[in-house]
Amino acid sequence: MARYSILRRTIATPLILSALLLAFALIAWFVGSRPFNQTVIDIFLQVVFVVGLYTFIGNSGVISFGHIAFACLGGYVAAWTTIKPMMKGTAMPGLPDWLMQMEIPFWAAALAGGTFAAFWALVFGAVLMRLSGIAASIATFAMLAMVNAIYSNWSSVTAATSSVVGIPIVRSIWPYMIAAILAVFVAWAFSISRHGLALRAARDEPTAAAASGINIPRVRLIAFVISGAIMGAGGALYAHSIGLVTPDTFYLGLTFTTLSMLVVGGMGSLSGAVLGVLILSSLIQVLRWLEAGVQVGTSTFALPGGVQEIALGVVMILILMFRPSGIMGNSELTGLRARTEKPVEPGTD
């Protein structure tokens, strides 16, 4: 019965976060500006990525620098399955015939990208999830570097470092909003599941958790696979938002940005993951406008290039100095006040 009590007590969190995302979508719809519409689409995609990171990092306590590799896998699945066969034959002649002739809708490509990424998360995780601490973090970065190296040199299948163009572009904000909301609910459902509770118990008290019978590598692997699936689906949608993919699209830049958002919001909080995206995305957009130049009277004021990255670094330093656990810490939005997570008995049903 305790599990159903947890469900009733925590369901407000994904509902509130979904309402926030819907509000952003409605604002974009009312504004009707294509650049602003694309900005909101980018925000929704960042939500998917950061929530995918939270699903593993927030519950396991293991910092992963490699999750963007799964977004890369999903992005190329979108390219393989949605580009016109004639264009695939020119850019990626090494694809098998059945994949060369395949042309499916973007939502099916997102599902296929999530499934493909989940499979490789299972393969990689079977080894990586036996590691802990800094060793596990370094190993995940090695996974990212390996995927990037393979995709940057596999010219017949990924076009190497060349841009793979021709991916159908989806301009509507609603599919991205739905994907972000689904990611939030998947992450929430895992966090209140038996495996999620066990994983957080292992995060907080690994020795006691192991002594109570929790198979730590197994519950970590489950979270790794689920988060990999979320990242893979997000990568496929990212490809459809810009119409092309390259290996460097899914590498260090996106890794740093998504981890920054998670750290700022709070690694131990689903609400923090979403709010970190909304806050930093708003800051990044303001800096982009200022870098492009703002007319002040008869002169134009513009910030030098690169200010976005510097600002992200400064914000992360300040957060780590004055609020090490992030804006939300381990708290969740529940309507009237933030709810702070309390330890739960691993074996509780």
Side-chain angles (χ1 to χ4, degrees), residues 17-51 68 71-72 74-79 81-84 87 103-110 113 162-184 231 233-246 248-250 253-254 257-258 260-261 274-296 300-309 311-312:
L17 297 178
S18 299
L20 282 174
L21 296 175
L22 177 60
F24 268 72
L26 290 175
I27 291 171
W29 183 60
F30 282 123
V31 170
S33 166
R34 175 169 286 189
F36 186 70
N37 189 81
Q38 186 61 45
T39 297
V40 174
I41 287 174
D42 292 341
I43 289 174
F44 290 150
L45 289 169
Q46 293 287 4
V47 168
V48 174
F49 291 143
V50 177
V51 167
I68 294 301
C72 180
Y76 274 89
V77 167
T81 58
T82 62
I83 294 177
K84 297 291 184 182
M87 298 183 67
E103 191 176 351
I104 61 178
F106 75 92
W107 57 266
S162 300
S163 298
V164 178
V165 299
I167 301 172
I169 298 178
V170 179
R171 298 291 187 191
S172 173
I173 58 175
W174 305 112
Y176 302 99
M177 184 203 72
I178 292 171
I181 291 175
L182 285 176
V184 166
M231 300 295 285
L237 290 173
Y238 189 93
H240 282 289
S241 73
I242 58 178
L244 59 87
V245 289
T246 65
D248 284 345
T249 301
F250 304 99
L254 193 55
T257 301
T258 52
S260 299
M261 291 175 174
V274 176
L275 291 178
V277 173
L278 300 182
I279 292 170
L280 282 192
S281 294
S282 300
L283 173 62
I284 289 171
Q285 186 58 44
V286 169
L287 292 175
R288 282 177 181 170
W289 286 334
L290 293 177
E291 286 182 6
V294 177
Q295 193 72 27
V296 180
T300 300
F301 172 76
L303 293 175
V307 171
Q308 295 177 48
E309 290 76 11
L312 284 176

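Under the rule for a side-chain contact (heavy atoms from CB on, under 4.5 Å), the partners of Ser18 that lie at least two apart in sequence or sit in another chain are Ile181, Phe185. Scored by the ring-ring contact (aromatic ring centres under 6.0 Å, His included) test, Tyr76 finds Tyr151 as partners (sequence neighbours excluded).
Rounded to the nearest 0.5 angstrom, Ile167 CD1 and Thr81 OG1 are separated by 8.5 Å. Within the model, atoms CG of Leu278 and CG of Leu21 stand 6.5 Å from one another, a figure rounded to the nearest 0.5 Å.
Under a 3.5 Å cut-off, the side chain of Thr249 and the backbone N or O of Val245 do not form any donor-acceptor pair. The backbone N or O of Pro168 sits less than 3.5 Å from a side-chain atom of His240, completing a donor-acceptor pair. In this structure, Ser241 contributes its side chain and Tyr238 its backbone to a donor-acceptor pair below 3.5 Å.
Residue-environment remark: CH2 (Trp174) exceeds the threshold of 12 foreign heavy atoms within 6.0 Å.
The shortest non-hydrogen separation linking Val77 to Ala109 is CG1-O, 4.1 Å.
For the residue pair Thr257/Ser260, the side-chain donor-acceptor check at 3.5 Å is not satisfied. The closest side-chain donor-acceptor pair between Thr39 and Gln285 falls under 3.5 angstrom. Using modelled atom types, one finds no donor on one side chain facing an acceptor on the other under 3.5 Å when comparing Gln46 with Asp42.
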